[in-house]
Amino acid sequence: MVDYLAELKTSIADGLNSVFEYKIDASEIHLAETKKEFQGAYTLVVFPFTRTLRKKPVEIAEQLGSWLQDNRPQVVQGYNVVKGFLNIEVPHHFWHSVLAQIYEAEHHGIPTMDSTKVMVEFASPNTNKPLHLGHIRNILLGWSMSKILEAVGHPVCKTQIVNDRGIAICKSMLAWKLYGDNETPETSSIKGDHLVGKYYRKFNEALQEEYLKWQSSEEGIRIYKDRDNQALPGDQFFKQYKNQYFNQYSRLGHEAREMLLHWEEGDTDVRALWERMNGWVYDGFNTTYENLGVTFDKLYYESETYLLGKDIVQQGLDSGDFYRADDGSVWVDLEDRGLDKKILLRSDGTSVYMTQDLGTAKMRYRELGAKRMIYVVGDEQDYHFQVLFEIVKKLKEPYADGLYHLSYGMVDLPTGRMKSREGTVVDADDLIAEVIQEVRHAAIERGELEDISQSERENIYRQIGLAALKFFLLKVNAKKRMVFDPKESVDLQGQTGPYIQNAFVRIKSIRRKLQEEDIDLDTSSYQQLDPSEIDLIKSLMTYGETVAKAATTHEPSLIASFAYELSKKFHKFYHDVSILKAESDSARAFRLQLSDHVATVLEHAMFLLGIEMPVRM
RNA sequence: GGCCUCGUAGCUCAACUGGAUAGAGCAGCUGACUUCUAAUCAGCAGGUUUCAGGUUCGAGUCCUGACGGGGUCACCA
């Protein structure tokens with residue numbers, strides 16, 4: 001659909017050739033949209049040609065413009081030159097044909113780029129506590145990325161890896177055993193993941209209490225006296241020492257580690273408790289996922305993958321890519337690639353995180369046949385993935401070039417980082433409930449939707465609330481750290497999800513008014529388009545390439561920006577011209593077609609973000 | 001400290017990868033609903049793009065350095 005632009009580029013290339021005998025491929029010509037303070041639709045920057053043509057920019061632009069107007073009148077209606085910028089005016093009949101092309105285009109004009117299978121991993125929760133705001137950003141980014149990749153032709157496998165084992169869940173289990181009094185989600189009516197999180201907190205409280213007592217015990221006093229840095233005050237010393245205390249002196253620490261050992265040995269009781277409590281957590285997570293509107297195609301559990309990767313280590317040793325240290329540990333040296341040495345097997349032969357990830361990648365490649373794998377993980381793990389990918393390259397795995405870390409920035413609060421110790425972590429379930437509640441309030445105040453059933457109304461509140469939340473998180477460049485202001489996230493006006501939904505609802509409302517009325521579909525006699533109409537068409541034309549770009553750059557925020565811009569232009573159009581009471585039948589038909597298409601594209605763009613569109617609001 | 005990363009309006013974010021007078025939203029002020037949904041539109045105000053150099057026709061964008069924030073440098077995950 002961009003046929004028009006292709007035609008324009010070819011014309012420009014022809015012009016450069018005939019006027020200046022300058023040969024250039026049309027694909028190398030870069031056109032920008034003309035800024036709104038100037039006349040014209042598209043702009044060619046002629047500065048780059050000045051050097052080879054040895055002419056002043058204005059001369060080049062003038063001669064080229066004049067040639068285009070004379071020799072390609074069907075493409076270029078007029079032009080003007082400002083400094084080195086050639087602004088090109090497009091004949092109105094082109095907008096008609098462009099709209100028609102857009103209307104008929106398959107897949108909304110999104111090009112099919114690649115049909116390689118790709119795996120996207122976008123959730124990796126620990127089972128010792130509920131999901132929070134950070135997980136939400138992670139999940140939404142991954143979900144959107146999956147939809148975008150599907151839109152350009154990839155079969156996508158959406159995966160989750162559950163960190164279901166380790167010391168953390170043992171802490172929750174131990175605390176539950178000690179203080180739980182057999183409490184279950186049923187007896188307490190607490191959501192399963194929250195209940196397990198409650199005991200995780202309980203463990204840390206108990207540990208802290210125990211630690212404080214220890215600090216004034218004989219042993220504690222002795223350790224403090226013997227500290228290396230004598231200048232360090234007590235509270236700071238003990239803060240630093242906590243980890244060591246946990247591992248060496250703590251009774252609770254000892255018991256938790258015992259439990260982990262029992263778990264690894266397959267102790268029936270421990271395993272039973274583990275399965276039971278993890279089961280509660282999964283029920284809880286599933287509710288949250290359902291509320292967020294996300295699903296997964298394949299689940300992986302760390303308890304099943306944590307031993308993987310040892311064969312890869314062997315393979316690396318055999319090929320000489322890895323080496324064994326004197327104490328038996330296995331390492332990889334990546335210093336020639338600007339990285340460090342990294343351990344892959346401990347001296348006792350057990351695997352580390354990296355080993356596990358190597359094994360999991362290989363397993364996924366075999367199982368899913370995915371040569372491309374995208375890991376949606378926070379930027380604190382940038383280095384880890386850099387190393388992981390380098391190792392895979394070193395081993396020349398067939399999927400080595402298809403690995404990508406979609407790294408996103410942390411979510412901060414206006415008060416700073418979320419800190420579980422300070423209780424500032426924004427809980428996922430609470431947050432979802434709050435945005436919906438906010439919408440309910442606003443809707444009741446506006447007195448809208450009173451004529452429909454309670455359940456329909458609630459569904460719309462849910463759609464709007466989630467749109468506000470999701471759009472708020474997705475409009476920001478994924479790589480950037482962002483500030484989450486709870487007040488702003490429930491905003492329903494301005495640059496928000498509901499603003500976009502509102503544009504859609506307005507169109508649907510017009511459609512409802514039409515009923516069975518006949519619409520004259522002949523739009524050709526509508527000649528003089530309104531600027532707001534041209535603006536809309538120009539936006540619609542770019543949808544396909546926007547999606548393509550979002551796919552290649554792994555950047556859902558591009559879709560969010562697009563949807564916002566398109567809605568903004570629609571609201572302006574809606575305000576400036578009358579649709580149902582248009583000045584002529586053909587104007588009316590034209591505007592209806594245009595509006596319909598805006599609705600279709602908006603709905604699709606929002607679908608790529610994982611946001612539903614209500615028909616009323 | 002080494003490496004990575006970010007720094008744009010009071011606040012939250014854009015800026016088509018080097019193009020015109022740096023744009024939106026929120027917050028503030030002013031106007032527009034008997035009209036197709038005002039969850040909207042129009043306007044005012046708000047900037048030395050952290051600072052200092054450099055590259056060139058042209059820099060928020062590229063290079064060097066400084067300052068400031070964040071991350072990461074475990075036989076943790």
Side-chain angles (χ1 to χ4, degrees), chain A residues 30-35 37-38 43 45 47-48 50-51 56-57 82-85 87 124 126 163 165-168 243 302 306 325 327-331 338-340 343-354 356-357 378-384 386 407 409-410 412 414 417 439 442-443 446 448 464 468 472 475-477 479-485 487-489 491-503 505-514 542 545-546 549 553 557-558 561 564-565 567-568 570-572 574-582 591 595 616-617:
Chain A
H30 181 69
L31 288 170
E33 280 192 29
T34 303
K35 296 216 157 204
E37 53 266 44
F38 300 97
T43 296
V45 183
F47 285 111
T50 51
R51 183 160 302 158
K56 286 183 186 149
V82 183
K83 292 192 271 184
F85 299 90
N87 299 321
S124 44
N126 295 320
N163 297 308
R165 50 145 248 130
I167 193 71
N243 210 25
E302 199 204 359
Y306 81 111
D327 63 2
S329 55
V330 177
W331 296 72
L339 302 171
D340 277 328
I343 191 160
L344 297 174
L345 272 191
R346 297 189 186 101
S347 49
D348 64 4
T350 55
S351 50
V352 295
Y353 190 38
M354 190 63 76
Q356 198 183 125
D357 269 4
D379 63 8
E380 67 220 335
Q381 294 199 38
D382 281 355
Y383 187 72
H384 172 78
Q386 221 181 320
S407 163
M410 297 290 100
D412 286 324
R417 254 197 113 131
V439 169
R446 298 175 71 235
E448 207 67 55
I464 299 172
F472 188 84
K475 71 179 179 184
V476 181
N477 205 312
K479 281 161 213 64
K480 282 198 166 179
R481 208 180 173 90
M482 68 178 291
V483 175
F484 182 89
D485 188 335
K487 286 200 296 287
E488 281 181 37
S489 72
D491 259 346
L492 308 173
Q493 280 153 24
Q495 196 174 28
T496 65
Y499 175 94
I500 298 164
Q501 290 178 320
N502 186 230
V505 162
R506 283 178 142 182
I507 297 167
K508 292 299 157 189
S509 175
I510 288 174
R511 272 287 155 199
R512 271 196 302 276
K513 294 243 154 42
L514 272 179
T542 64
E545 65 195 73
T546 301
K549 194 172 171 189
T553 59
S557 70
L558 295 179
S561 296
Y564 172 67
E565 290 298 327
S567 309
K568 194 173 153 72
F570 178 79
H571 280 305
K572 166 118 181 100
Y574 182 90
H575 180 267
D576 285 359
V577 303
S578 192
I579 300 167
L580 287 176
K581 292 174 188 156
R591 286 172 192 160
S595 301
R616 296 184 47 173
M617 67 192 288

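Computed from heavy atoms alone, side chains included, the values below leave out hydrogens, waters and symmetry copies. Numbers restart at 1 for each chain; the letters A, B, ... are given by sequence-line order, proteins then strands.
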Contacts of A:F47 meeting ring-ring contact (aromatic ring centres under 6.0 Å, His included) (sequence neighbours excluded), chain-then-number -> A:F85
List in chain and number order the residues that pass ring-ring contact (aromatic ring centres under 6.0 Å, His included) with A:Y383, two or more places apart in sequence or in another chain; answer none if no residue qualifies.
none
In chain order, what residues pass the salt bridge (charged side-chain N to carboxylate O under 4.0 Å, His left out) check against [X], with sequence neighbours excluded?
X: A:K479; result: A:E555
X: A:R616; result: A:D451
X: A:R481; result: A:D412
X: A:D340; result: none

RNA chain B: A:R165 or A:R51, which has the more 5' nearest nucleotide?
A:R51
Write down the protein N/O and nucleotide N/O pairs, taken from nucleotides 8-12 of chain B, whose separation is under 3.5 Å; answer none if there are no such pairs.
none

Protein-nucleotides 18-21 of chain B N/O pairs closer than 3.5 Å?
residue	atom	partner	partner atom	Å
B:A20	N6	A:T43	OG1	2.7
B:A20	N6	A:N87	OD1	2.9
B:A20	N1	A:N87	OD1	3.2
B:A20	N1	A:N87	ND2	3.4
B:U21	OP1	A:K83	NZ	3.3

Rounded to whole angstroms, how far apart are NE2 on A:H384 and C1' on B:G71?
15 Å
Residues which pass side-chain hydrogen bond (donor to acceptor under 3.5 Å, both in side chains) with A:T34, listed by chain and number, not counting sequence neighbours:
A:T43
Those residues that, when tested against A:D357, pass side-chain hydrogen bond (donor to acceptor under 3.5 Å, both in side chains) (two or more places apart):
A:H384
Which dot-bracket notation, 5' to 3', represents the base pairing of RNA chain B when pairs are defined as Watson-Crick or G-U with both distances under 3.5 Å, crossing pairs as [ ], and inter-strand pairs as |?
(((((((..((((.....[...)))).(((((.......))))).....(((((..]....))))))))))))....
Under 4.0 Å protein heavy-atom contacts per nucleotide of nucleotides 31-38 of chain B, with B for base, S for backbone only and - for none:
-----BBS
Could you tell me if A:T496 and A:D491 have a donor-acceptor pair between their side chains, going purely by distance under 3.5 Å?
no
